[in-house]
Amino acid sequence: MQAAQCVVTSYSFTPSKFPRAGNRGVCNGGGPSQLSFCGLRKEIFGVPAERCFRRVALAARPTRRAGMQGYRVTASASDNGSHVTAFDYDLIIIGAGVGGHGAALHAVEKGLKTAIIEGDVIGGTCVNRGCVPSKALLAVSGRMRELQSEHHLKSMGIQVAAAGYDRQSVSDHANNLASRIRGNLTNSLKSLGVDILTGVGTILGSQQVKYGKIGFPDKIVTAKDVIIATGSVPFVPPGIEIDGKTVFTSDHALKLEWVPDWIAIIGSGYIGLEFSDVYTALGSEVTFVEALDQLMPGFDPEIGKLAQRVLINPRKIDYHTGVLAKKITPAKDGRPVTIELVDAKTKEPRDTLEVDAALIATGRAPFTKGLGLENINVVTQRGYVPVDEHMQVIGADGSMVPHVYCIGDANGKLMLAHTASAQGISVIEQISGRDNVLNHLSIPAACFTHPEISMVGLTEPQARKQGEEEGFEVSVTKTSFKANTKALAENEGEGIAKLIYRPDTGEILGVHILGLHAADLIHEASNAIAMGTRIQDIKFAVHAHPTLSEVLDELFKHAKVAEHVPQPSHTQPIAV
């Protein structure tokens, strides 16, 4: 995946004294004559950091007032030179997942007449086939683990009979939750006056979209601005045959139609780890197949090592690393699922597994085919829509495509549901006349295993690499859940929190947590990064006692920062 490039565009510009940009890639927002700094640390996406300056012509962007409906302008409706004199909408969003929904709500708040085009169901992958139903299954696995841990319960004076579960009821719990959330999202859109246009959306021009269902004539609508929010689908490598029953993706697994005795999980990232938690709690044996040389390759190495000791080694899980699943054949005619493994580097045969089922958890691919991107001269990069720091789509010639933006998984910057929502809000701010750049390094991520894993910012190797390149020192400090009163009261002392920072400035570079409610605890750190809060300031924050939040309180207090820290030359805004 290539990094999105900043493009310097000429606009009518009123000279002013430029504020100094800091080293975090922030937007020094304000009037139209301000200079914004584009330079998010792209190491988090696996590419070198780049910095550039971009003059933003806010004066050229109309400020829309509340209640402004279908205003009349003369503007290009497509790249072939045709024009319209009135738009049907201020904003059209293609895709009604978490990203599209968040953008629509913020657009209405800004007074924009908004429509969402959705060809499937409201809520997208997250609500219907992803984070929402998976959390219902993980809630069940968490309860099962508590009830199955005789030693844990006895240590607290609790005695229970043997734990059991009803598979259909567990499945119904997940499906009912997804249905309830989907209904809530749909009702919220309708109550705010967002038009829901049912059908598959295709871009005809930068301000013109058609939509329709198979067997029905297409309809064409126009808008001042268009946001692409089509999300992603499970990625299935070549050579793997999916039957949806014995070889399946996370989409199928969330239905929990059966619980296999032995299941192979291809990939040990977030999706694979969470499903290993579910299946082992429900009685399955799990085998991980990982192409890289270590499990959990996307995590901070120290956290990954501890996670393996806590989440994998004590459970009925074995694993193969450095191998690829070259071919997977579903079970049929009384034969098991067969998995042919080859060396990831040499491609030489390594082993053949025979299991009851295989879950393909090799990541997700952008859903961008059939969007009509060729009509606006856009070429995808490995399927992803190229965008700049404002999520504006970049054309094949490197220029910005006017009025077209892409958010969420489809642009590939950070494939998380809440990232899509934050990007959508940032775009609405931008088109409403307020320059906004989202700091992706402030966006937290979490893996909802038991215990949970969460993280924000850089891993330690990423931070040390950047320190070497930019000439600053990197320090690390850690605290243990074993020293936290609330964790000990819960008899859940397994876990650590890790802070990566600059001792010369007190800047937080990254925080990683493994432990009880880690997904909730990470937000204090992510907000600190977003707001540019330094360690020497946040260490004076007061935390209630006894709470798990004191894990972070101790973490910040343990950090050693230089006594005379230079004051920042700018004020960092809150990243959306």
If you define the side chain from C-beta out and look only at heavy atoms, does anything of Thr419 sit under 4.5 Å from His440? yes
Which donor-acceptor pairs under 3.5 Å do the side chains of residues 100-108 make with protein atoms, sequence neighbours left out?
from, atom 1, to, atom 2, distance (Å)
His101, NE2, Ser188, OG, 2.8
His106, NE2, Glu429, OE2, 2.8

With sequence neighbours excluded, residues passing side-chain hydrogen bond (donor to acceptor under 3.5 Å, both in side chains) with Lys305: none
Pro386 to Thr380 - nearest heavy-atom pair and separation: CD-CA, 4.2 Å
Close side-chain approach of Leu458 to Gln466, heavy-atom, < 4.5 Å: yes
Any heavy-atom pair between the side chains of Met296 and Glu290 that's under 4.5 Å? no
In short, Ser480 meets Gly493 closest at the heavy-atom pair OG-O, 4.5 Å
Quick check: do Gln423 and Tyr405 have side-chain heavy atoms less than 4.5 Å from each other? no
Residues forming a side-chain hydrogen bond (donor to acceptor under 3.5 Å, both in side chains) with Thr249, sequence neighbours excluded: His252
Least distance between heavy atoms, Ile317 atom then Thr280 atom: CG1-CG2, 3.7 Å
Inspect the contact between Asp90 and Lys110 and indicate whether a charged nitrogen and a carboxylate oxygen are less than 4.0 angstrom apart. no
Donor-acceptor contact present, side-chain Asn527 to main-chain His523, <3.5 Å: yes
What residues, two or more places apart in sequence or in another chain, satisfy salt bridge (charged side-chain N to carboxylate O under 4.0 Å, His left out) together with Arg464? Glu460
Shortest non-hydrogen pair, Ile453 vs Ala307, comes out as CD1-CB, 3.8 Å
Within a reach of under 6.0 Å around NZ of Lys486, are more than 12 heavy atoms found that belong to other residues, nucleotides or ligands? no
Can you list everything that forms a side chain to side chain contact (heavy atoms under 4.5 Å, CB included) with Thr459? Sequence neighbours excluded, please. Asp300, Pro461, Gln462, His512
Any side-chain heavy atom of Val404 sitting closer than 4.5 Å to one from Gln392? no
Pair Phe540 + Phe556: ring centers closer than 6.0 Å: no
Taking atom types as modelled and ignoring hydrogens, do the side chains of His545 and Glu550 form a donor-acceptor contact shorter than 3.5 angstrom? yes
Thr321 and Asp293: side chain to side chain contact (heavy atoms under 4.5 Å, CB included), yes or no, with the steps? CA-CA 5 Å; Thr321 57; Asp293 292 333; 5.6 Å; no
Is there a side-chain contact between Lys135 and Leu138 in this structure, where contact means two heavy atoms from C-beta onward sitting under 4.5 Å apart? yes
Check Leu552 against Leu521 and note the closest heavy-atom contact, atom names and distance. CD1-O, 3.0 Å
Any Met455 side-chain heavy atom under 4.5 Å of Phe299 side chain: yes
Among all residues two or more places apart in sequence or in another chain, which pass the side chain to side chain contact (heavy atoms under 4.5 Å, CB included) test with Arg180? Leu177, Asn184
Hits for side chain to side chain contact (heavy atoms under 4.5 Å, CB included) against Ser134, two or more places apart or cross-chain, chain-then-number order -> Leu254, Glu274
Mind checking whether Thr479 and Asn484 have side chains closer than 4.5 Å, heavy atoms only? no
My understanding is that only residues two or more places apart in sequence, or in another chain, count here; which of them pass disulfide bond (SG atoms under 2.5 Å apart) with Cys447? none
Who are the ring pair (Phe, Tyr, Trp, His ring centres under 6.0 Å) partners of Phe481, not counting sequence neighbours? none
Return the set of residues passing side-chain hydrogen bond (donor to acceptor under 3.5 Å, both in side chains) with Asp553 (not counting sequence neighbours), or none when no residue passes. His543, Lys557
Restricting to side-chain hydrogen bond (donor to acceptor under 3.5 Å, both in side chains), what partner residues turn up for Arg364, sequence neighbours left out? Thr125, Ser232
Heavy atoms from other residues, nucleotides or ligands near CZ of Phe448 exceed 12 (cutoff 6.0 Å): yes
Can you name the nearest heavy-atom pair linking Leu509 to Ala463, along with the distance? CD1-CB, 4.1 Å
Under the rule for side chain to side chain contact (heavy atoms under 4.5 Å, CB included), what residues qualify as partners of Ser475, not counting sequence neighbours? Glu473, Tyr501, Pro503
If you measure from the Lys or Arg side-chain nitrogens to the Asp or Glu carboxylate oxygens, is any gap between Arg309 and Glu494 under 4.0 Å? yes
State whether a side-chain donor-acceptor pair under 3.5 Å links His390 with Asp435. yes
